[in-house]
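Side-chain atoms are counted along with the backbone in the values below, which use heavy atoms only and exclude waters and symmetry mates. Chain A is the first sequence line, chain B the second, and so forth, proteins listed ahead of strands; every chain is numbered from 1. Predicted model, so just to flag it, every value in this text is computed and none were measured.
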2 protein chains.
Amino acid sequence: MPTQTEENYLKAIFKLSGNEKELVSTNAIAEELETKASSVSDMVKKLSEKNLINYVKYQGVSLTNEGRDLAVHIIRKHRLWEVFLVNRLNFKWDEVHDIAEQLEHIRSSELVNKLDAFLCYPNYDPHGDPIPNAKGEFPKTTAIPLSEVQSKSKVKVVAVELDEPGFLNYLDKLNISIGTQVEILEVNDFDDSIDIKIDDVQRHISVEVAENILISVL
Amino acid sequence: MPTQTEENYLKAIFKLSGNEKELVSTNAIAEELETKASSVSDMVKKLSEKNLINYVKYQGVSLTNEGRDLAVHIIRKHRLWEVFLVNRLNFKWDEVHDIAEQLEHIRSSELVNKLDAFLCYPNYDPHGDPIPNAKGEFPKTTAIPLSEVQSKSKVKVVAVELDEPGFLNYLDKLNISIGTQVEILEVNDFDDSIDIKIDDVQRHISVEVAENILISVL
DNA sequence: TATAATTTTTAGACATGTCTAAATTAATAT
DNA sequence: ATATTAATTTAGACATGTCTAAAAATTATA
């Protein structure tokens, strides 16, 4: 059974390895977990001995099937708790991340599955992130970043890629939340900023923001 | 901010010091936490430095106001989570203790208070134990152990003093739960066992069991 | 009250996870 | 191909919380 710290390492490696199972570097993990590369080196050795990751010195690491499975189940817990906090306890979507970071480490598969049932088996968390089921399978999603939309079109916000209160708060100000319909008016070539219209109000957003909003074209 | 371990020590000391603020011995704490007296000695020194307990070498410890307050708030969290687990997630009352032991360490006063509201400010947990409010005040209770009932009478079960699955399971078998009406038929002097009647079924229970069932006389 | 038994504390060790500073390996540039 | 730079690992230290074994203090007993 991995410790909480080990779980956080697995989660970070999962997040950083993306869809194509890239090798993850020591430095990348250190940055993600706000720790030092030397600490990562130590931990990576331990996770490797437990067969949770593949590790080649100076090369990088990747998750084993067992490690990946553990990471996915931690993410499952994190996202289910976020649904609970927002939908049942009336937290706002920018307030739940830190609490869910704690709750995701509670050990009880019974608890997770009963919570899942209690919440009616949600497919997405309050930020639009997909929630894996008890088998560890993610619901299919075909979302793209708003920054990749070329032409004038109408789209729907399906998720956000950043969990930080500051960012989520800014979206609240723009009246953007999951499900919001957005009309693309103009993509400005020189700085890739976008002019959009929400509920007949025209707005201007930067690439940095657009990159972190996932949409599906209507 | 105390660590999880420190919180567990505070909780144990609170439990052991009873209503009359007795001094708690090192050995008692060690037994309660299933650890060694030497470990307790170390920890007690640390808690004392943090002004959470009063500690005199070789004498014993007692909680300071600050330590007591912390302990009470951990108990508050524990019991609120138990209500959530039983009333909302449909756990049985003998299944929730270990999970609540984990949940009680989640840090967020916002969370506790929203959970409290979500559960409609319950006064008692599934085992009948009183839940302190946000100020740390316990609801008044005037329950006595079933073992102290002298005469033939009708009583109502209001709480249990033991959280162990084995004991709770046994009560389930006897059809005893919080709120159950029990008729005392006979107290047997030689072994203090009691003959009772529940729903017209006659039963026989030992002192050990009776001591851990709290009742109020009807 | 002196001695025995018990309780509590201390000393020294270990495991976990972290850090800084130094050493090693790999990547990049000249 | 060699020198420089960057990334990674190792060595040694520290903090937390635990343990065993031994010492000290307290309590009980004769």
Side-chain angles (χ1 to χ4, degrees), chain A residues 1-18 22-63 67 70-71 74 101-102 104-107, chain B residues 1-18 22-63 67 70-71 74 101-102 104-107:
Chain A
M1 221 148 290
T3 65
Q4 277 195 207
T5 311
E6 288 171 348
E7 289 188 345
N8 286 332
Y9 272 88
L10 292 175
K11 206 172 43 135
I13 295 166
F14 181 84
K15 183 174 171 184
L16 294 167
S17 49
E22 306 157 44
L23 278 190
V24 178
S25 76
T26 302
N27 261 1
I29 298 170
E31 196 179 343
E32 174 71 23
L33 294 176
E34 296 181 71
T35 182
K36 295 296 149 85
S38 56
S39 308
V40 175
S41 254
D42 288 343
M43 180 56 88
V44 133
K45 224 172 291 168
K46 208 206 307 178
L47 292 173
S48 173
E49 271 159 31
K50 292 191 177 185
N51 284 311
L52 298 173
I53 61 174
N54 306 115
Y55 170 49
V56 182
K57 266 191 197 171
Y58 294 101
Q59 305 288 294
V61 304
S62 64
L63 292 169
L70 274 167
I74 297 157
E101 288 281 297
Q102 298 179 61
E104 74 188 4
H105 298 294
I106 303 292
R107 278 165 215 289
Chain B
M1 220 148 289
T3 65
Q4 275 193 212
T5 312
E6 288 170 349
E7 288 187 347
N8 285 333
Y9 272 88
L10 292 175
K11 207 172 41 137
I13 295 166
F14 180 84
K15 183 173 171 185
L16 293 168
S17 49
E22 304 157 46
L23 277 190
V24 179
S25 76
T26 302
N27 261 2
I29 299 170
E31 196 178 343
E32 174 70 25
L33 295 176
E34 297 181 73
T35 183
K36 295 295 149 88
S38 56
S39 307
V40 175
S41 255
D42 289 342
M43 180 56 87
V44 133
K45 224 172 292 169
K46 208 206 309 181
L47 291 173
S48 174
E49 272 159 30
K50 292 192 177 185
N51 285 309
L52 298 173
I53 61 174
N54 306 115
Y55 169 48
V56 182
K57 267 190 198 173
Y58 294 102
Q59 304 290 289
V61 304
S62 64
L63 293 170
L70 274 167
I74 297 157
E101 288 281 297
Q102 298 180 62
E104 74 189 4
H105 298 295
I106 303 292
R107 277 166 217 289

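The distance between atom NZ of B:K45 and atom P of D:dA15, rounded to the nearest whole Å, is 16 Å. One interatomic measurement links the two molecules: CD of B:E31 to P of C:dT8, which rounds to 11 Å at whole-angstrom precision. The interatomic distance linking A:I29 (CD1) with C:dT18 (C1') rounds to 16 Å, in whole Å. Atom C1' of nucleotide C:dT16 and atom CD of A:Q4 are separated by 13 Å, given to the nearest angstrom. In this entry the distance linking CD of B:E49 with P of D:dT16 reads 10 Å, nearest Å.
Listed by chain and residue number, B:K11, B:H78, B:H97, B:E104 satisfy the side-chain contact (heavy atoms from CB on, under 4.5 Å) test with B:E101 (two or more places apart in sequence, or in another chain). In this structure, the side-chain contact (heavy atoms from CB on, under 4.5 Å) partners of B:E6, at least two apart in sequence or on a different chain, are B:P2, B:T3, B:M43, B:K46, B:L47, B:K50. For A:S62, the side-chain hydrogen bond (donor to acceptor under 3.5 Å, both in side chains) partners at least two apart in sequence or on another chain are A:N54.
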side-chain contact (heavy atoms from CB on, under 4.5 Å) assessment of A:I53 paired with A:Y9: CA-CA 10 Å; A:I53 61 174; A:Y9 272 88; over 6 Å; no

Sequence-aligned protein contact record of nucleotides 19-27 of chain C, with B where the base is within under 4.0 Å of a protein heavy atom and S where only the sugar-phosphate is: BBB--BSS-

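Here A:L70 contributes atom CG and A:I13 contributes atom CD1; the two are 11.5 Å apart, rounded to the nearest 0.5 Å. With rounding to the nearest 0.5 angstrom, the CG atom of A:L23 is 12.0 Å from the CG atom of A:L16.
At the phosphate of D:dA6, neither OP1 nor OP2 sits under 4.0 Å from any side-chain N or O atom of A:N27. Residue B:T26 places at least one side-chain N or O closer than 4.0 Å to OP1 or OP2 of C:dT9.
Listed by first then second residue, pairs satisfying side-chain hydrogen bond (donor to acceptor under 3.5 Å, both in side chains) with a partner in residues 25-38 of chain A read A:K15-A:E32, not counting sequence neighbours.
Shown for residues 5-17 of chain B: no residue has heavy atoms falling under 4.0 angstrom of DNA chain C.
Under a 3.5 Å cut-off, the side chain of B:Q4 and the backbone N or O of B:H105 do not form any donor-acceptor pair. Remark: the backbone N or O of B:A71 is not paired with any side-chain donor or acceptor of B:E7 at under 3.5 angstrom.
As judged by a 4.0 angstrom heavy-atom cut-off over every strand, B:S41 is placed among the base-contacting residues.
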